Each structure stands twice: as C-alpha cells, then as structure tokens.
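Just so you know, these numbers come straight off a predicted model, no measurement behind them. Every heavy atom of this structure was used, including side-chain atoms; hydrogens, water molecules and symmetry mates were not. Chain naming here is simple, since letters A, B, ... match the order of the sequence lines and numbering starts at 1 in each.
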Amino acid sequence: MPVATASRVLTRPFFDRAVVAVARDLLGKFLVRRIRGRAVAVMITETEAYDGPRDRACHAHRGRTPRNAPMFGPAGHWYVYFVYGMHWMLNVVTGESGYPAAVLIRGVGDWDGPGKVTKALAIDGGFSGKAADGESGLWIEDRGVVVDRKNIRAAPRIGVDYAGAWARKKWRFVLDEG
DNA sequence: ACGATGATGAAC
DNA sequence: TTCATCATCGTA
C-alpha cells in the first residue's frame with residue numbers, strides 16, 4: 001500500500017512565472033538527481049534570478065547564441081554552461097517561451113557555490129536544453145517544507161560587477177537558518 | 001590575492 | 001583564427 005507522499009514534482013506552471021518570484025520560491029524546494037536508479041535529493045538554499053535581454057548580467061543580454069539558446073525556450077528546462085574553464089553552472093529556465101530568463105541554483109544543502117552543486121551531483125552540459133523531469137534524471141520537488149518569508153535574505157548577485165546598475169539589484173536569494 | 005583552465009563569442 | 005572574457009574555487 002503506497003503511502004501518500006507530500007512530494008510533488010514541480011512542472012511548467014511553477015516555472016512559467018516572473019523569474020524573481022521563481023527564484024524566491026525555489027528556496028526550500030528539493031533538487032533531485034537520479035544516479036544509477038537512486039534518487040539523491042538536496043534542499044535548495046541559494047538562488048539568483050537573471051531577467052531577460054535588458055538585464056546586463058544575463059547571458060541573453062547580447063542576444064541569442066548557441067550556448068544560451070535554452071533560455072529562449074520553454075520554462076522548466078535546464079540551462080547549463082561552463083565557466084572559468086572548470087565549473088558547470090545549473091540554471092532552470094523561467095517565464096514565457098521567447099523571453100530569456102533563468103534561475104541559477106547557487107547553493108543546495110551544505111554545498112555553497114554553484115560549481116560545487118554541479119560537481120556533487122554530476123551535472124554537466126549534457127543537461128542543457130533538457131526538461132526538468134524524471135526523463136532527464138534531474139528535477140525539482142516540493143517536499144512540503146514551508147519557508148517563512150523572514151528567513152529569506154535578498155542580496156546583490158555574485159560575480160556580475162561588470163553589469164553596472166544591474167549588478168546592484170537584489171536578485172540573489174538566500175535561505176537563512178530558521 | 002591569485003592562478004588554474006578551456007569554452008564562448010566577437011572581432012578581424 | 002585570434003583574443004579577451006568569464007554567473008568559480010582552492011590555496012596562500
């Protein structure tokens with residue numbers, strides 16, 4: 001007899017909203033990675049929003065390229081890219097198709113730093129453009145964790161000083177310990 | 001404070 | 001084809 005689970009896989013309607021709202025709402029959700037039949041789940045504790053062609057910190061600011069193409073696609077898909085010759089960055093696409101926006105998963109569980117997240121869960125560019133679902137082996141679940149608004153801290157995004165005024169927008173969200 | 005390390009995109 | 005840049009991390 002299966003036990004009713006509080007776990008719910010997040011689908012397109014969750015992601016098909018304004019990117020800043022999605023970034024905030026992803027705190028307390030679980031990133032789940034299937035490896036050899038096992039599901040490894042870790043709670044999302046830090047995110048950043050990248051919002052469209054006008055946001056100078058967003059990769060889509062300079063238009064569509066082969067790399068950032070997934071950002072222009074439908075919400076609920078991964079955008080994964082390689083930086084600094086070493087690290088894979090995991091983003092999930094948000095908003096309506098054609099509008100390039102995505103949330104960077106910066107921290108999960110005890111792993112602070114987007115490069116550590118992908119390394120720990122064996123995530124690489126092969127996921128870019130794939131759907132965030134069971135088929136891709138990487139998805140996000142709501143496991144019933146209730147996040148108090150008071151435990152969410154908003155701060156400027158990391159590593160985007162080149163973006164001028166856009167670098168000062170508080171589009172980074174951190175889940176503080178309750 | 002800095003070097004590792006290589007894909008990306010824009011310029012030529 | 002070259003070149004500067006880069007949504008980072010570990011070590012000093």
**Asked** With sequence neighbours left out, which residue pairs that include part of residues 153-162 of chain A fulfil the salt bridge (Lys or Arg N to Asp or Glu O under 4.0 Å) condition?
**Response** A/Asp55-A/Arg157, A/Arg153-A/Asp176
**Request:** State the OG-NE2 distance between A/Ser97 and A/His77, to the nearest 0.5 angstrom.
**Result:** 8.5 Å
**Asked** What is the 5' to 3' range of DNA chain C, first to last nucleotide, that sits under 4.0 Å from any heavy atom of chain A?
**Response** C/dC6 to C/dG10
**Prompt:** Is a donor on one side and an acceptor on the other found under 3.5 Å between the side chain of A/Ser136 and the backbone of A/Ala131?
**Reply:** yes
**Asked** Can you tell me if CG on A/Asp148 sees more than 12 non-hydrogen neighbours from other groups inside 6.0 Å?
**Response** yes
**Request:** Inspect the surroundings of CZ in A/Arg34 and state if more than 12 heavy atoms from other residues, nucleotides or ligands are less than 6.0 Å away.
**Result:** yes
**Asked** salt bridge (charged side-chain N to carboxylate O under 4.0 Å, His left out) with A/Glu46: which residues, sequence neighbours excluded?
**Response** A/Arg106, A/Arg172
**Fill in**
For A/Met71, the hydrophobic cluster (side chain heavy atoms closer than 4.5 Å, chained through members) also holds A/Tyr50, A/Phe72, A/Tyr79, A/Tyr81, A/Val83, A/Tyr84, A/Met89, A/Val93, A/Leu104, A/Val160, A/Tyr162
**Asked** With pairs taken as Watson-Crick or G-U wobble and both distances under 3.5 angstrom, which stems of at least three consecutive pairs involve DNA chain B?
**Response** B:1-4 with C:8-11, B:6-11 with C:1-6
**Asked** So, is A/Arg67 near the phosphate of B/dG9, with a side-chain N or O under 4.0 Å from OP1 or OP2?
**Response** yes
**Request:** Can you measure from NE2 (A/His61) to CG (A/Asn68) and round to the nearest 0.5 angstrom?
**Result:** 12.0 Å
**Asked** Tell me, which of residues 98-118 of chain A have any heavy atom that sits under 4.0 Å from an atom in DNA chain B?
**Response** none
**Request:** Calculate, to the nearest 0.5 Å, the distance between atoms NZ and CG belonging to A/Lys29 and A/Asp142 respectively.
**Result:** 4.5 Å
**Message:** By the definition side chain to side chain contact (heavy atoms under 4.5 Å, CB included), identify the one residue from A/Val108, A/Asn91, A/Leu26 that meets it with A/Thr47.
**Reply:** A/Leu26
**Asked** Which residues within residues 123-131 of chain A lie with some heavy atom under 4.0 Å of an atom in DNA chain C?
**Response** none
**Complete:** dist A/Arg8:CZ -> A/Ile140:CD1 (nearest 0.5 Å) comes out at 12.0 Å
**Request:** Residues of residues 18-32 of chain A with any non-hydrogen atom less than 4.0 angstrom from an atom of DNA chain B: list those, numerically ordered, please.
**Result:** none
**Prompt:** Just by modelled atom types, is the A/Trp139 backbone N or O under 3.5 Å from a matching donor or acceptor in the A/Asp133 side chain?
**Reply:** no
**Request:** State which residues pass salt bridge (charged side-chain N to carboxylate O under 4.0 Å, His left out) with A/Arg17; sequence neighbours excluded, sorted by chain then number.
**Result:** A/Asp25
**Item:** Qualifying residues under ring-ring contact (aromatic ring centres under 6.0 Å, His included), relative to A/Trp111, sequence neighbours excluded
**Value:** none
**Prompt:** Looking at CD of A/Glu141 and CG of A/Leu31, how far apart are the two atoms once the value is rounded to the nearest 0.5 Å?
**Reply:** 10.0 Å
Please list every donor-acceptor pair under 3.5 Å in which a side-chain atom of residues 120-130 of chain A meets a protein atom from a residue at least two apart or in another chain.
from, atom 1, to, atom 2, distance (Å)
A/Asp124, OD1, A/Gly126, N, 2.9
A/Ser128, OG, A/Val80, N, 3.0
A/Ser128, OG, A/Val80, O, 3.2
A/Lys130, NZ, A/Gly126, O, 3.3

**Asked** Heavy-atom contacts under 4.0 Å between residues 70-91 of chain A and DNA chain B, which residues?
**Response** A/Phe82, A/Tyr84, A/Gly85, A/Met86
**Complete:** In this structure, OG1 of A/Thr45 is separated from CG of A/Asp112 (nearest 0.5 Å) by 6.0 Å
